[in-house]
Amino acid sequence: MTTKPPAEEAEPITGQAVSVNMLKGGVGKSILALNIADRLSIRGHDVLFMDLDPNGHITESLGYADVFADPTHDLTNIVIHEYGEYEEYIYPTDWEWDFVPASVKLSTLESELSENSITLLKKNFIQTLLDDGRYDYIIMDGGGEWSHIAKAAYGAAARTIIPIPPGDMNRSGFKRTYKRVVQEMPDELNFRILAIVPNMISEYIKHDKADRRLLESLNRSDTFAKYLPSFARIPPKEWDAIDDGEVEVPKPGMRKNSNLENALEEKKVPFGRYVESQDSVSENDRLTLEHLDELARIVEREGVTNE
Ligand SMILES: Nc1ncnc2c1ncn2[C@@H]1O[C@H](COP(=O)(O)OP(=O)(O)OP(=O)(O)O)[C@@H](O)[C@H]1O
Ligand SMILES: [Mg+2]
């Protein structure tokens with residue numbers, strides 16, 4: 001009889017692409033995608049991060065505004081016309097991982113991709129790079145629209161991480177994402193959710209507010225609870241104990257942390273690099289980093305494991 005090694009010692013499953021997506025703006029797709037890519041790289045993997053959101057926000061925040069404005073940086077050439085070399089699209093960064101910035105020409109890619117050709121992003125770019133062994137992981141920021149590019153990114157990765165902040169609008173964005181994306185992916189893709197990440201949580205969950213409603217409904221859901229990282233998981237019986245004042249009120253989920261935003265917008269660095277540069281690390285920053293590392297670990301294991 002062979003015994004399974006403990007999850008912590010399991011070999012990372014490399015050769016994967018992951019899209020961080022949700023059909024709703026401002027939920028944390030870009031910030032999570034960037035920081036998961038960075039944490040995977042810190043963990044010793046070869047990582048490519050792709051900004052496939054035509055708004056180019058993360059590309060500009062990372063200091064690649066000139067590439068964004070450059071009409072020759074056009075993925076259409078290689079993805080659709082199979083013309084050019086990968087190197088032309090891939091930029092080194094200061095943090096070991098490589099980057100494919102967005103550009104104004106993503107709109108051309110969007111218009112040239114059709115329902116029949118959305119597999120080309122996978123075939124002519126992502127899968128080739130993975131098969132070549134150039135990268136252990138390709139992480140994509142796929143934008144918030146149900147566009148051809150987003151479909152191509154979803155399909156190319158067949159693995160997604162979905163951030164969801166509290167509030168009714170985000171809830172309907174999540175429902176839309178689940179219905180249109182997850183349920184409608186062709187079976188042969190073996191599409192799977194790696195994690196659902198309650199994001200920007202700020203309230204105590206003792207009170208019946210949007211934060212609690214999000215966390216409680218996900219945790220009580222037969223369909224979705226299994227996708228929650230351990231930092232967002234509260235078993236059903238614990239909710240009663242919380243209400244009865246029997247346990248200390250936990251602070252689950254990816255918490256709102258302004259340093260997550262400041263690191264990128266002001267210091268122009270991934271969050272972990274900002275934390276490393278501090279003389280002392282606040283409790284909030286330490287937790288945020290721990291949660292990002294758990295998300296990196298979830299990618300390495302192709303999903304949440306119940307440790
Ligand atoms: N946990 C968090 N704590 C604090 N700020 C956060 C958190 N998550 C995201 N943000 C901030 O919220 C804003 C929206 O996040 P982000 O840009 O990553 O979302 P998005 O889903 O990519 O948005 P868009 O659809 O516009 O591309 C950003 O300013 C980001 O820094
Ligand atoms: Mg974004």
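Just so it is clear, the values below take in all heavy atoms, side chains as well, and ignore hydrogens, waters and symmetry mates. Whatever order the structure lists ligands and atoms in, that order sets their numbers, starting from 1.
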Sub-4.5 Å side-chain heavy-atom contact between Pro163 and Val20: yes

Protein heavy atoms near atom 13 (C) of ligand 1, is at least one of them under 4.0 angstrom away? no

When you check the space around the Mg ion (ligand 2), which protein N, O or S atoms turn up under 2.8 Å? Ser30 OG

Nearest non-hydrogen protein atom, atom 21 (O) of ligand 1: Lys29 NZ, 2.8 Å

Is Leu264 linked to Trp95 within one hydrophobic cluster, defined over Ile, Leu, Val, Met, Phe, Trp and Tyr using a side-chain heavy-atom separation of less than 4.5 Å? yes

Which residue owns the protein heavy atom closest to atom 19 (O) of ligand 1, what's the atom, and how far is it? Gly28 N, 2.9 Å

Just need the protein heavy atom nearest to atom 26 (O) of ligand 1, so name the residue and atom and give the distance. Gly26 N, 3.7 Å

Is there a donor-acceptor pair closer than 3.5 Å between any side-chain N or O of Asn199 and the backbone N or O of Val27? yes

How close does the nearest protein non-hydrogen atom get to atom 3 (N) of ligand 1, and which residue and atom is it? Asn257 N, 2.8 Å

Ile149 with Ile90, same ILVMFWY side-chain cluster at under 4.5 Å: yes

Is it the side chain (CB and beyond), the backbone, both or neither of Thr288 that lies under 4.0 Å from ligand 1, heavy atoms counted? neither

Evaluate side-chain hydrogen bond (donor to acceptor under 3.5 Å, both in side chains) for Tyr135 paired with Asp98, printing each intermediate quantity in order. CA-CA 9 Å; Tyr135 297 105; Asp98 289 342; 2.6 Å; yes

Which bit of Met22 is near ligand 1, meaning a heavy atom under 4.0 Å away: side chain, backbone, both or neither? neither

Which atoms of ligand 1 are found less than 4.0 Å from any heavy atom of Arg255? 1 (N), 2 (C), 3 (N)

Please state whether Ser30 comes within less than 4.0 angstrom of ligand 1, counting heavy atoms only. yes

Is Met22 reachable from Phe49 through a run of I, L, V, M, F, W or Y residues, each pair having side-chain heavy atoms under 4.5 Å apart? no

What protein heavy atom sits nearest atom 7 (C) of ligand 1, and how far off is it? Met200 CG, 3.7 Å

Please work out which of the three classes, parallel, tilted or perpendicular, describes the rings of Phe224 and Tyr227, given edges at 30° and 60°. tilted

Among the clusters formed by ILVMFWY side chains lying less than 4.5 Å apart, do Val247 and Tyr204 turn up in the same one? yes

Ligand 1 and Val27, any nitrogen or oxygen pair closer than 3.5 angstrom? yes

Please check if any side-chain donor atom of Asp141 sits under 3.5 Å from a side-chain acceptor atom of Ser30, or the reverse. yes

Pair Asp168 + Arg213, salt bridge at N-O below 4.0 Å: no

Ligand 1 versus Asp53: contacting region, heavy-atom distance under 4.0 Å: side chain

If you scan protein heavy atoms around atom 18 (O) of ligand 1, the nearest is Ile31 N, 2.9 Å

With Asp74 as partner, the option from Thr76, Asp70, Ile78 fulfilling side-chain contact (heavy atoms from CB on, under 4.5 Å) is Thr76

Consider only side-chain heavy atoms of I, L, V, M, F, W and Y, link residues closer than 4.5 Å, and tell whether Ile58 and Tyr274 are in one cluster. yes

Please state which part of Asn55 comes within less than 4.0 Å of ligand 1, counting heavy atoms only: side chain, backbone, both or neither. side chain

Taking 4.0 angstrom as the limit, do Arg159 and Glu302 come out as a salt bridge? yes

Check for me whether the distance between the ring centres of His73 and Tyr64 falls short of 6.0 Å. no

Is the closest N or O pair between Asp141 and ligand 1 shorter than 3.5 Å? no

Could you find the nearest protein heavy atom to atom 8 (N) of ligand 1 and give me its residue, atom name and distance? Asn199 ND2, 3.1 Å

shortest atom 28 (C) of ligand 1-to-protein heavy-atom contact is with Glu261 OE2, 4.1 Å

If the cut-off is 4.0 Å to any non-hydrogen atom of Gly25, which atoms of ligand 1 fall inside it? 25 (O)

Residues Lys237, Glu246: salt bridge by 4.0 Å N-O rule: no

